[in-house]
Chemist: 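If you scroll down you'll find the structure; I have some questions about it.
What you see below is based on every heavy atom in this structure, not just the backbone, and it leaves out hydrogens, waters and symmetry mates. Below, chain A is the first sequence line, B the second, and so on; all start at residue 1.
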Amino acid sequence: MNTMNKMLLTAPPETRRERCDPHLVSLKDPASFEAEQYRRLRQRLEDLRAARDARLFAVTSPVAGDGKSLTAVNLAASLAQAAKSRVLLIDADLRRPTIAGLLGLKGDRMPDFGSALDADGGSLSDLVNPASPSGLMVLPSRACRGAYERLRSPRLPELLQEARRHYDFVILDTPPIVPVPDSALLGKFVDGYLMVVAANRTPRKLLGEALNLLEPASVVGLIFNRDDRPLFGYYRSRYRDYFQSYLHSVDRATA
Amino acid sequence: LAQLKKQKADLLTKWTASAPDVKEIQFQIDALERQIAAGGGAGRASGASPASADPSPRKALDTALAETNAQLQKLQGDTQTLRNSIAGYERRVESAPAAQPELDAVNRDYQSARDVYDSVLKKYNDATLAESAQHVATEQFRVLDQAIPPTLPAGPNRPRLLVIAMILAIALACGMAMLLDRLDTSFHSVDDLRTFTRVPVLASIPSIQTFGDRLRARTRTATGAAATLVFLAGLGVAAFHAGRMGEAVVRTLLRVG
């Protein structure tokens with residue numbers, strides 16, 4: 001399994017970029033405006049880590065389809081861009097795992113977080129090679145039955161403790177919080193929830209319901225996703241000019 | 001007496017003990033026995049010759065016997081006639097299924113004849129009614145006021161209709177917009193989210209539009225626009241045809257006038 005992991009995660013960035021989803025801007029186009037917004041999110045998490053050593057974050061949302069997985073991958077990739085930063089991305093959505101598909105990971109020998117939760121699943125270092133030169137490690141999942149019971153396994157806190165020891169940040173992609181109880185189960189072991197809210201999509205009532213289902217203190221903050229009215233609003237064109245001229249100057253500087 | 005007893009035995013083989021013939025014969029036997037007992041007693045008491053008393057009871061017995069025989073024969077004859085009639089009835093019962101189709105055919109004929117009769121009767125009644133109505137009409141109606149044919153072609157007030165349609169369309173559009181706004185409880189901007197909850201908003205991520213997304217969106221818009229155009233064209237053609245039909249109707253009416 002180790003060799004497979006090395007192959008997947010230490011592959012040259014170019015080949016990985018070709019296989020992964022084009023929406024993963026933090027991997028494909030780190031200089032884009034969207035990637036800058038993920039960088040802003042990363043900055044908030046880095047502040048939290050500096051303030052109270054918060055390392056484990058679960059990305060969730062009230063309902064399915066709000067963009068949890070995409071946010072989780074982009075955020076993890078953004079965090080991994082920092083020098084010497086070691087980030088682990090875990091697909092804890094055992095019902096509909098999507099991380100492997102987004103990153104273009106394939107193969108039967110792909111590590112599986114779900115089976116790692118079984119009694120004989122082995123330790124985290126067996127699944128993910130901590131010595132990989134790439135900053136971002138991925139522990140994907142395969143869909144399985146009895147997801148809730150698997151997540152209740154005593155191995156879950158063990159694995160997460162190990163991850164906390166070895167990594168600067170651990171991002172968990174979790175199922176939506178209102179329809180299924182899986183995400184709330186993780187509350188005891190993570191340092192905070194990041195709640196993804198999709199613009200023009202997530203109903204008010206369900207966001208309220210989701211916030212009620214979680215401890216108020218455990219919700220670190222909201223991520224407003226797919227915002228088609230950015231903060232710059234009507235100054236967008238002026239901002240774009242500034243942004244592009246900034247990019248060009250960088251290009252010129254590097255060239 | 002012996003003869004009577006034999007006869008009783010005979011009858012008993014044919015009938016039960018309660019049958020009236022048997023009872024009668026039993027009664028006669030009892031009477032004879034009593035007579036014989038009385039005669040014996042008298043003879044012994046008087047000492048007179050029993051032969052002189054004998055002839056009368058014997059004759060009476062003979063006549064009774066003859067009567068009984070005659071009755072028996074008559075009853076046997078009755079039995080025979082009854083058997084014959086039973087046989088006759090049974091034959092008729094057996095022949096009933098054969099007669100059934102014949103009966104059905106007769107019934108059908110009767111029914112159709114009945115229908116024809118009913119319809120003719122109804123026609124006759126209608127005709128009588130119409131005749132009487134005609135009489136009444138010719139007698140009761142006359143022209144009071146001559147109709148004046150219009151000098152100008154009549155038609156709806158088009159500008160007014162247009163204005164009404166426009167107002168209705170605007171009202172409908174506003175209603176739809178308000179309804180959709182009511183049904184949509186999602187967040188449209190970060191400020192929306194900030195007023196809803198005190199949980200901090202860490203970041204606002206713009207929607208990530210890849211080349212494929214843009215292509216899909218454009219295709220969808222183009223398809224929608226094309227469908228709308230086709231629908232409007234169809235509506236126009238339908239309206240044109242309806243208008244033409246109305247014009248034809250007006251022309252026909254004018255020609256008749």
Chemist: Under 4.5 Å heavy-atom distance to chain A, tell me which part of B:F187 shows up: side chain, backbone, both or neither.
Modeler: both
Chemist: Pick one of side chain, backbone, both or neither for A:V196, based on which atoms fall under 4.5 Å of a heavy atom in chain B.
Modeler: neither
Chemist: Testing A:V138, A:D168, A:L136 one by one against A:V87 for a side chain to side chain contact (heavy atoms under 4.5 Å, CB included), which residue passes?
Modeler: A:L136
Chemist: Can a cation-pi geometry be assigned to A:R49 and A:F169, taking NZ or CZ under 6.0 Å from the six-membered ring centre and within 45° of the ring axis?
Modeler: yes
Chemist: Heavy-atom pairs under 4.5 Å with chain A: which of B:V201, B:D184, B:T185 has the most?
Modeler: B:T185
Chemist: Do you know which two heavy atoms are closest between A:P179 and A:P62, and how far apart they sit?
Modeler: CD-O, 3.4 Å
Chemist: At a heavy-atom separation under 4.5 Å, does A:L194 approach chain B through its side chain, its backbone, both, or neither?
Modeler: side chain
Chemist: Tell me the closest heavy-atom pair linking B:F196 and A:R204, and the distance in Å.
Modeler: CZ-O, 3.3 Å
Chemist: Is B:L202 in contact with chain A via its backbone, its side chain, both, or neither, using a 4.5 Å heavy-atom distance?
Modeler: both
Chemist: Top residue by heavy-atom pair count (under 4.5 Å) with chain B, among A:I223, A:L211, A:V25, A:L207?
Modeler: A:L207
Chemist: Over all heavy atoms of both residues, which pair between A:L151 and A:A92 is shortest? Give the atoms and the distance, please.
Modeler: CD1-O, 4.2 Å
